[in-house]
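First the proteins, then the strands, lettered A, B, ... as listed; each starts at 1. The structure presented is a predicted model; accordingly, all values stated were derived computationally and were not measured.
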Amino acid sequence: MSNTENTKTSIEGAAATNFIREAVAEDLKTGRFPGVHTRFPPEPNAYLHIGHAKAIWIDYGIAREFGGLFNLRFDDTNPAKEEQEFVDAIIEDVKWIGAEFGDRLFFGSDYFEQMYQWAVELIKKNKAYVCDLSAEEVSKTRGNLSEPGQNSPNRDRTVEENLDLFSRMKAGEFPDGAKTLRARIDMAHPNLNMRDPVMYRILHQEHHRQGAKWKIYPMYDWAHGLEDSIEGITHSLCSLEYEDHRPLYDWFLDQLGIYHPRQIEFARLNMNYTVMSKRKFIELVRDGVVEGFDDPRLPTLAGLRRRGYTSASIKNFCDRIGVAKRDSLVDIALLEHYIREELNKTAPRVMAVLRPLKVVIGNYPAGQSEMIDCDNNPEDASAGKRQVPFGRELYIEQEDFMETPSKGFFRLSPGKEVRLKHAYYIKCLEAVKDDKGSIIELRCEYDPATKGGDSPDGRKVKSTLHWVSAADAVSGEVRLYEQLFTDPTPSTESPVNPNSLTALKDCKLEPGLRNAKPGEKFQFLRQGYFCVDSKNSTKDKPVFNRTVGLKDSWSKEHKK
RNA sequence: UCGGGGGUCGUCCAAUUGGUAGGACACCAGCCUUUGGAGCUGAGAACCAGGGUUCGAGUCCCUGCCCCCGAGCCA
């Protein structure tokens with residue numbers, strides 16, 4: 001345990017400690033547990049989101065820091081909601097995050113037989129009984145926050161009768177909902193979870209792994225502690241809403257007298273401008289509001305990955321938000337900070353014109369072209385240089401030109417000179433308009449002496465623009481994303497931001513981008529970080545997703 | 001109403017367990033710049049309230065206040 005001291009801080013020098021780490025260290029010190037073994041127990045009924053990444057990183061982090069083990073275990077106790085598709089997606093996501101579970105991949109449903117035996121044991125101890133009440137009746141007799149519940153009329157069945165009925169439930173003799181197995185605790189308990197909770201319900205439904213073998217399925221409260229116990233979990237970490245369930249978790253384990261892990265709860269992650277609700281995701285996908293669970297606007301891990309987030313940036317984020325018990329709302333700007341920080345160091349710079357405006361350089365010889373040396377990454381000299389074609393006709397960004405410049409605008413306008421990145425200074429002579437008066441082309445002249453972007457006479461320009469040679473440009477689609485919701489604290493009913501996706505269909509990309517691979521990440525100079533879409537991008541028609549924009553003090557100033 | 005939790009800069013998390021309240025993000029100012037990017041420097045900014053104990057309280061004790069979770073045969 002001497003290594004706990006220097007493993008306190010993980011990547012990026014995050015917060016020094018948290019209450020869970022301290023509790024685990026204490027348990028090791030007092031000998032409550034000889035080592036550390038954690039687990040991440042998703043139900044395979046949806047895709048994982050960044051809130052799960054936080055949980056995974058806590059579970060895995062605690063195991064790693066104390067030299068322990070980490071299991072991935074599917075809590076697949078409800079066949080009505082669970083599917084293999086989700087199992088596969090979750091495994092991929094957990095691996096992507098980098099929580100190593102080795103061969104410790106488990107399924108709660110594999111323990112059904114053992115759970116059944118333990119239930120029989122509880123019946124024999126007269127701690128559980130078969131109840132004939134309907135779901136509605138159970139609900140009605142449970143009481144409420146201020147009133148105690150009433151005992152089930154079947155609460156005092158004999159052990160023999162209970163054993164018989166329970167085995168017949170298992171055998172499939174009764175229809176769905178006809179009976180349940182309930183723990184005999186206390187219908188007047190102030191904690192509603194302790195009022196004779198249901199342990200098993202009858203479900204004539206095929207399980208994605210167990211097939212038609214089972215007609216009864218265990219409830220979460222009954223199953224979860226048993227799963228933890230079977231796997232020898234020491235610290236069963238979960239979110240705050242299970243605090244009320246801990247007494248029940250403990251009760252089952254104590255009644256059985258089996259190995260007893262310790263449950264510790266922490267606050268789940270909330271982020272502004274988004275929702276962390278599986279139900280909402282399913283709804284958005286079903287209604288076609290988003291493309292799928294991996295839509296880049298969703299905070300699912302699959303969505304973030306497709307958007308261009310790296311697992312490292314998500315882990316850095318998780319380390320920084322820490323672990324605590326109080327409710328919080330993390331600013332999504334923090335997540336964006338970590339992906340910018342990483343991509344600033346690693347993403348090659350390229351030029352792409354999103355909303356093209358043609359520029360014709362009158363004094364550049366017709367038919368001539370040349371290759372310009374461009375830095376791949378000013379943050380990283382080892383990234384080298386590449387050659388980009390330059391010619392008489394170019395595209396620049398529409399928003400980089402203003403016929404009558406507003407105050408503080410120092411890009412291109414008639415009579416003004418700017419630098420084309422890595423290339424030449426150009427001066428605008430004239431804006432050509434169509435019949436309707438829209439600007440369709442700029443007539444400019446360049447200064448051959450400024451090749452490379454410097455003027456020998458030392459004159460300065462206030463602005464540098466990105467550009468793409470018209471003759472060589474690759475056309476592609478660029479998808480710009482904004483927050484999924486305009487409401488900083490959306491409810492599940494909040495409308496989706498109508499501008500959450502803007503697809504620009506005819507962007508002009510520098511020719512090298514033709515060979516970009518799915519998932520490959522770039523900085524589009526002056527605009528942001530983009531990655532090749534992993535689903536819709538083709539060689540002929542590349543598609544890029546904007547991961548996050550560059551910080552933009554101009555637009556900030558402009559809004560004032 | 002009952003039970004379980006929780007209140008520290010705008011946001012998130014710390015404070016060696018009673019000894020100068022700190023970091024990150026965000027924001028603001030300045031510098032620098034062949035990305036209005038990046039980078040650098042600096043500033044502002046908090047202990048829910050009121051009592052008490054103590055030389056000394058974010059930390060211990062009282063009394064309030066506010067917030068979250070819980071009444072699925074979901075997890």
Side-chain angles (χ1 to χ4, degrees), chain A residues 12-18 22 41-43 45 75 77-78 80-81 131 133-136 138-140 142-149 176-182 189-195 197-203 216-217 219-221 223-224 238-247 265 267 269 272 278 317 319-331 333-338 340-341 344-345 349 351 375 378-379 408-411 419-423 452-454 460-466 523-528 549-558:
Chain A
E12 290 290 308
T17 189
N18 64 56
E22 284 174 3
E43 182 188 18
N45 68 343
D75 203 358
T77 57
N78 186 352
K81 294 173 146 190
C131 176
L133 257 29
S134 69
E136 200 184 329
V138 168
S139 167
K140 224 175 276 174
R142 185 161 18 235
N144 56 45
L145 297 184
S146 48
E147 284 166 35
D176 286 5
K179 295 184 189 314
T180 56
L181 183 74
R182 297 176 70 181
H189 199 108
N191 180 344
L192 269 41
N193 294 127
M194 300 296 272
R195 320 248 259 227
V198 171
M199 297 164 61
Y200 278 95
R201 75 283 217 187
I202 299 171
L203 243 34
I216 54 172
Y217 288 91
M219 297 288 290
Y220 169 86
D221 285 309
H224 202 86
C238 60
S239 49
L240 248 34
E241 65 261 35
Y242 293 101
E243 267 176 329
D244 280 350
H245 295 251
R246 179 161 19 98
E265 311 85 11
L269 169 67
N272 55 12
K278 288 179 175 182
F317 170 77
D319 282 331
R320 179 53 66 192
I321 60 175
V323 184
K325 299 193 75 158
R326 71 177 83 115
D327 295 318
S328 64
L329 184 67
V330 177
D331 192 340
L334 188 61
L335 212 213
E336 295 179 340
H337 162 76
Y338 281 108
R340 281 198 192 98
E341 178 184 69
N344 178 44
K345 291 180 199 133
R349 271 61 170 170
M351 293 193 285
D375 289 327
E379 302 291 315
F409 181 88
F410 40 87
R411 283 113 95 171
R419 170 167 44 234
L420 295 180
K421 179 77 176 176
H422 296 306
D454 272 318
K460 300 287 184 198
V461 288
K462 283 186 122 174
S463 185
T464 301
L465 309 186
H466 60 277
Q523 184 195 102
F524 286 3
L525 225 56
R526 301 206 300 137
Q527 306 193 94
L550 253 24
K551 289 213 253 176
D552 182 357
S553 58
W554 159 253
S555 67
K556 200 180 285 179
E557 186 75 22
H558 203 56

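- Spacing between atom NZ of K345(A) and atom C1' of U35(B) amounts to 18 Å, rounded to whole angstrom units.
- Formation of a donor-acceptor pair under 3.5 Å by the N191(A) side chain with backbone atoms of D244(A) is found in this model.
- Classification of E265(A) and R246(A) as a salt-bridged pair holds, one side-chain N sitting under 4.0 Å from a carboxylate O.
- Distance R340(A) CZ to A24(B) P: 18 Å, rounded to the nearest Å.
- Separation of the P atoms belonging to G64(B) and G72(B) is 32 Å when rounded to the nearest angstrom.
- Each of L192(A) and N78(A) was matched to the nucleotide of RNA chain B holding its nearest heavy atom; the match closer to the 5' end belongs to L192(A).
- Within the nucleic acid shown, V323(A) comes within 4.0 Å of sugar-phosphate atoms alone, with no base atom in reach, counting heavy atoms only.
- A sub-4.0 Å separation between OP1 or OP2 of U11(B) and a side-chain N or O of S328(A) is absent.
- Remark: U16(B) base-pairs with no nucleotide; criterion is Watson-Crick or G-U wobble with both hydrogen-bond distances under 3.5 Å.
- Checked against A75(B), A71(B), C68(B), the side chain of Y242(A) finds its nearest nucleotide in A75(B).
- Close to C73(B), at under 4.0 Å from its OP1 or OP2, lies no side-chain N or O of S134(A).
- For C25(B) and C61(B), the P atoms lie 36 Å apart once the distance is rounded to whole Å.
- Side-chain atoms of P378(A) lie closest to U35(B) of the nucleotides U35(B), C73(B), G23(B).
- Side-chain proximity of E243(A) to the nucleotides A71(B), G6(B), G5(B) is greatest for G5(B).
- Across all strands shown, G42(B) pairs with C28(B); the Watson-Crick or G-U wobble distances both stay below 3.5 Å.
- At the heavy-atom level, Y217(A) lies nowhere under 4.0 Å from the strands shown.
- Judged purely by atom type and a 3.5 angstrom limit, R195(A) uses its side chain to pair as donor or acceptor with the backbone of H189(A).
- At distances below 3.5 Å, not a single donor-acceptor pair connects side-chain atoms of R526(A) with backbone N or O atoms of L550(A).
- Nucleotide A24(B) holds its C1' atom 14 Å from the CG atom of L335(A), rounded to whole Å.
- A donor N or O paired with an acceptor N or O is found under 3.5 Å between the base of G37(B) and the side-chain atoms of E379(A).
- What separates CD1 of I202(A) from P of C74(B) is a distance of 12 Å, to the nearest Å.
- Contact annotation for R349(A): base contact, defined as any heavy-atom pair under 4.0 Å involving a base atom.
- Each of G3(B), A15(B), U35(B) was ranked by its minimum atom distance to the side chain of E22(A); first place goes to A15(B).
- Taking only distance into account, the side chain of Q523(A) meets the base of U35(B) through a donor-acceptor pair shorter than 3.5 Å.
- Residue-level contact check: G408(A) touches the bases, meaning some heavy atom is under 4.0 Å from a base atom.
- Among the atoms of the strands shown, none is found under 4.0 Å from any heavy atom of N272(A).
- Taking the P atoms as reference points, C40(B) lies 29 Å from U20(B), given to the whole Å.
- Taking atom CG on D552(A) and atom P on A38(B), their separation rounds to 10 Å, with Å as the unit.
- Of the side-chain N and O atoms in R142(A), one or more sit less than 4.0 angstrom from OP1 or OP2 of G72(B).
- Ring planes of Y220(A) and Y242(A): tilted class, angle from 30 to 60°.
- Judged by Watson-Crick or G-U wobble contacts below 3.5 Å, the nucleotide G70(B) has C2(B) as its partner.
- Taking the side chain of L145(A) as heavy atoms from C-beta on, and the options G5(B), G37(B), U1(B), the nearest nucleotide is U1(B).
- Between R326(A) and C13(B) there is a side-chain N or O to OP1 or OP2 distance below 4.0 Å.
- Across all strands, F317(A) comes closer than 4.0 Å to no nucleic acid atom at all (heavy-atom distances).
- Between S553(A) and G37(B) there is a side-chain polar atom (N or O) within less than 4.0 angstrom of OP1 or OP2.
- Contacts of K551(A) with the nucleic acid, taken as non-hydrogen atoms under 4.0 Å apart, involve only primed sugar atoms and P, OP1 or OP2.
- Residue contacts shown for H245(A) include a base, since a base heavy atom lies under 4.0 Å away.
- The gap from the P atom of G50(B) to that of C13(B) amounts to 24 Å, rounded to the nearest Å.
- Heavy-atom distances to RNA chain B give each of D75(A) and L550(A) a nearest nucleotide, and the one nearer the 5′ end belongs to L550(A).
- G58(B) has its base anti relative to the sugar, with a glycosidic angle deviating from 0 by more than 90°.
- When the side-chain nitrogen and oxygen atoms of K278(A) are compared with OP1 and OP2 of A75(B), none of them lie within a distance under 4.0 Å.
- Residue R201(A) places at least one side-chain N or O under 4.0 Å from the OP1 or OP2 atom of A75(B).
- In this model, the phosphate group of G36(B) is approached by a side-chain N or O of R526(A) to a distance below 4.0 Å at OP1 or OP2.
- At a cut-off of 3.5 angstrom, the base of G3(B) holds at least one donor-acceptor pair with the side chain of D244(A).
- Among the protein residues, L329(A) comes within range of the sugar-phosphate backbone only, with heavy atoms under 4.0 Å from sugar or phosphate atoms but none that close to a base.
- Among the protein residues, L525(A) comes within range of the nucleic acid bases, having at least one heavy atom under 4.0 Å from a base atom.
- For H337(A) and C25(B), the shortest distance from a side-chain N or O to OP1 or OP2 is below 4.0 Å.
- Rounded to whole Å, the distance from CG on D221(A) to P on A71(B) is 11 Å.
- Within the nucleic acid shown, L181(A) has no heavy atom closer than 4.0 Å to any nucleic acid atom.
- Across the protein-nucleic acid pair, K81(A) atom NZ and A75(B) atom C1' stand 7 Å apart, rounded to whole Å.
- The nucleotide whose nearest atom lies closest to any side-chain atom of D331(A) is, among A38(B), U11(B), G36(B), U11(B).
- Considering only side-chain atoms of A135(A), the nucleotide from A38(B), C13(B), C73(B) that sits closest is C73(B).
- Closest to the N193(A) side chain, of the nucleotides C74(B), G70(B), G36(B), is G70(B).
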